[in-house]
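Quick notes on the structure that follows.
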Amino acid sequence: MSDGKADDTGGNGSNNDPVHVCKIIIVGAGMAGLSAANHLIKNNINDFIILEGRNRVGGRIIAINIDGRRMELGANWIHGILGNPIYELASSNGLVNIIQENKPHSVVATLPDGRRVPFHILQEIYDAYFWFFRRCEEYFLCKYLPPDGVDSVGAHLRLEISLYLKQFPEHERHIRSLIFNYLLNRETCISGCNTLEEIDLMEIGSYTELPGGNIVLPGGYSSILGPLTKNIPQDKLLKGHPVSCIKWRAGLESCSTTDSGLGEDLTGKPIQNAEIHLPECKSGSASLSTSPSRKIRPKVEVIGKNGDKYLADHVICTIPLGVLKEKGKTMFDPPLPDYKLDSINRLCFGVVDKIYLEYERPFLNPDLSEVLCLWDPIDSKVPVSERWFKKIYSFSKVTDTLLLAWISGEEAKYMETLPFDVVSEKCTEILRQFLNDPFVPKPKRCINTTWWSQPYTRGSYTAIGIGASQVDITNISHPLYMHPSCSKPAVVFAGEHCHPSFYSTVHGAYLSGREAAQVLCVPDSPPEVVLDVEGTADLSSWLQGIALS
């Protein structure tokens, strides 16, 4: 059996040049970074480089090809059609089928003893859950208060579920409660959290769902990287170049601005000594001249883990929220302001992993799309080593010989530590148990993702945790200015965690990258407006010809 974990850690690129100078540095070649680069190119700004820690582009968009089979390890669907720039990009490049084929989705819901749940009960609980969740979203939209002591999505859903189940006789409640438990486990993968008790009830409605449903690209989601990279010159895309530090006030170090009094900068730290002549902060072409007859424009200094140094007027930072949580205090010099760090800590960055099981030959009914596993609720007091597999809520059919399972939270983190054959064997046990079939074959290959273990992601996507809000997303995306007199920021932030309505999505990352680049595309001063009126020498003579009476 051939097994493997998805691990794409970048290497240590090296360069003999000690200092590299350009106008803009983009940190990260995920969707936000690629979007920013494309927007700069469209605005005729070509003096930039992208520093990517991995040896590939795409970030959380990645596919692998094994024996001619393509497996998407990251982003899976385009979420919505109307107003979705990713769908528009895919459509304009011929990557999507205009007519979507609606294949029937046939599921079987089974209990741990192999008994199957009647479909009408499954449909009943699906419908009830839909409205329970919609009511959670209404708190954000309508701004009325939930019951006392109910502050999480999980608490509200469990309250609704308990009230709903009371209408049934005792012997009819158990099956229905197990279906609800399945839906709650599934929701942790959709929202990106460990449990729904982590998600803030008043903010769950802040996520905007675009109409049109979930779209699968025929060539896989990663095919979207083609049109995003085709216009970026290869010499501007430096892979295997992880960043260790961003010195965003490096250009002011020689000015001793930390010892005297100009008030406060935008980080809340004092700027001092009004007598000091600060370097010119206008954006412009790079210059390393040290001649005393010229002003030196301050530069942002980016230091790579390989020792390389890069100087730029501006940095677009697309580092994922998980990495900011782990290294936000140490990666920036001076450190990020407290309000940013607080917001980084308040937001959730959940772990959601995939498990692919590939078989020699089909064994499920050809008409069956998904096997739902109706586990009893997980007891958090039980060691994770004994319960991790109970977070796997279903096995869906990608092809006749390829199944996909999802797992989230602490259980996903633990799964990432296990040998491949252990994951494969446990999935086989689950299928045999729930299908009540001891002859379910073992897969020839098991591949699982490791988004928590990946040093350049440290998780999967963003959710708004208890006590957090859209304001925290705005705080994180707020740019850093080297000095209040600067016309443009030293560092702008982008990524799915920087979009207040589309967090956790690829289109959110795309839009935030484009917006960050646009900030740097605006001229330093507004262009002069010249009104050209035929037959007049100047504006005053034109005005004199207007009768004001």
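In this text the structure is predicted, and so the values were computed from the model without any measurement. As a basis for the values below, the full set of heavy atoms in this structure was taken, side chains included, without hydrogen atoms, waters or symmetry mates.
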Just how far is it from atom [atom1] of [X] to atom [atom2] of [Y], taken to the nearest 0.5 Å?
X: Leu237; Y: Arg56; atom1: CG; atom2: CZ; value: 12.0 Å
X: Leu321; Y: Ser504; atom1: CG; atom2: OG; value: 12.0 Å
X: Ser244; Y: Lys305; atom1: OG; atom2: NZ; value: 7.5 Å
X: Leu480; Y: Cys317; atom1: CG; atom2: SG; value: 9.0 Å
X: Ile344; Y: Leu324; atom1: CD1; atom2: CG; value: 4.5 Å
X: Glu358; Y: Leu403; atom1: CD; atom2: CG; value: 10.5 Å

Can [X] and [Y] be counted as an ion pair, charged N to O under 4.0 angstrom?
X: Lys397; Y: Glu370; answer: no
X: Glu416; Y: Lys413; answer: no
X: Glu326; Y: Arg458; answer: yes

[X] versus [Y]: any side-chain heavy-atom pair under 4.5 Å?
X: Cys427; Y: Phe395; result: yes
X: Leu311; Y: Val300; result: no
X: Cys193; Y: Thr188; result: yes
X: Arg60; Y: Thr457; result: yes
X: Glu496; Y: Tyr461; result: yes
X: Leu51; Y: Tyr310; result: yes
X: Arg346; Y: Asp342; result: yes
X: Ile473; Y: Tyr503; result: yes

Query raised in the report: Considering residues, nucleotides and ligands other than Glu209, do more than 12 of their heavy atoms fall under 6.0 Å from its CD?
Result: no
For [X] and [Y], which I'm curious about, is there any donor-acceptor pair between the side chains at under 3.5 Å?
X: Ser469; Y: Glu203; answer: no
X: Gln454; Y: Thr450; answer: yes
X: His39; Y: Gln518; answer: yes
X: Ser222; Y: Glu72; answer: yes

Donor-acceptor pair, side chain of [X] and main chain of [Y], under 3.5 angstrom:
X: Ser460; Y: Val351; result: no
X: Asp47; Y: Ile24; result: no
X: Asn93; Y: Leu95; result: no
X: Asp353; Y: Trp451; result: yes
X: Asp200; Y: Met202; result: yes
X: Asn345; Y: Leu341; result: yes
X: Lys488; Y: Val522; result: yes
X: Thr318; Y: Val27; result: yes
X: Ser512; Y: His499; result: no
X: Lys247; Y: Asp333; result: no

Requested in this report: List the steps, then state whether salt bridge (Lys or Arg N to Asp or Glu O under 4.0 Å) holds for Glu301 with Lys299.
Outcome: CA-CA 6 Å; Glu301 183 177 332; Lys299 299 288 181 184; over 6 Å; no
Where is the tightest heavy-atom contact between [X] and [Y], given as atom of each residue plus distance?
X: Asn194; Y: Gly409; answer: OD1-CA, 3.4 Å
X: Ile86; Y: Asn84; answer: N-OD1, 2.9 Å
X: Gly467; Y: Asp472; answer: O-OD2, 4.4 Å
X: Ser223; Y: Gly220; answer: OG-O, 2.6 Å
X: Pro479; Y: Pro489; answer: CB-CB, 3.5 Å
X: Asn38; Y: Pro227; answer: OD1-O, 4.4 Å

Query raised in the report: Stepwise, does the side chain to side chain contact (heavy atoms under 4.5 Å, CB included) test hold for Trp406 with Lys354?
Result: CA-CA 5 Å; Trp406 299 75; Lys354 295 179 179 181; 3.3 Å; yes
Query raised in the report: Going through the distances and angles, do Ile199 and Glu187 end up as a side chain to side chain contact (heavy atoms under 4.5 Å, CB included)?
Result: CA-CA 11 Å; Ile199 305 300; Glu187 196 66 49; over 6 Å; no
Requested in this report: Decide yes or no on side chain to side chain contact (heavy atoms under 4.5 Å, CB included) for Tyr356 and Arg445, but give the supporting numbers first.
Outcome: CA-CA 8 Å; Tyr356 280 105; Arg445 181 179 289 116; over 6 Å; no
Query - ring pair (Phe, Tyr, Trp, His ring centres under 6.0 Å) evaluation trace for His507 with Phe502 - result: CA-CA 7 Å; His507 58 273; Phe502 299 142; 4.8 Å; yes
Report task. Assess Lys23 against Phe48: is NZ or CZ under 6.0 Å from the centre of the six-membered ring, and within 45 degrees of the ring's axis? Result -> no
**Report entry** Cation-pi geometry met for Lys340 and Phe493 (6.0 Å, 45°)
**Finding:** yes
Report task. Could you walk me through whether Phe133 and Ile204 pass side chain to side chain contact (heavy atoms under 4.5 Å, CB included), step by step? Result -> CA-CA 9 Å; Phe133 200 86; Ile204 187 65; 4.0 Å; yes
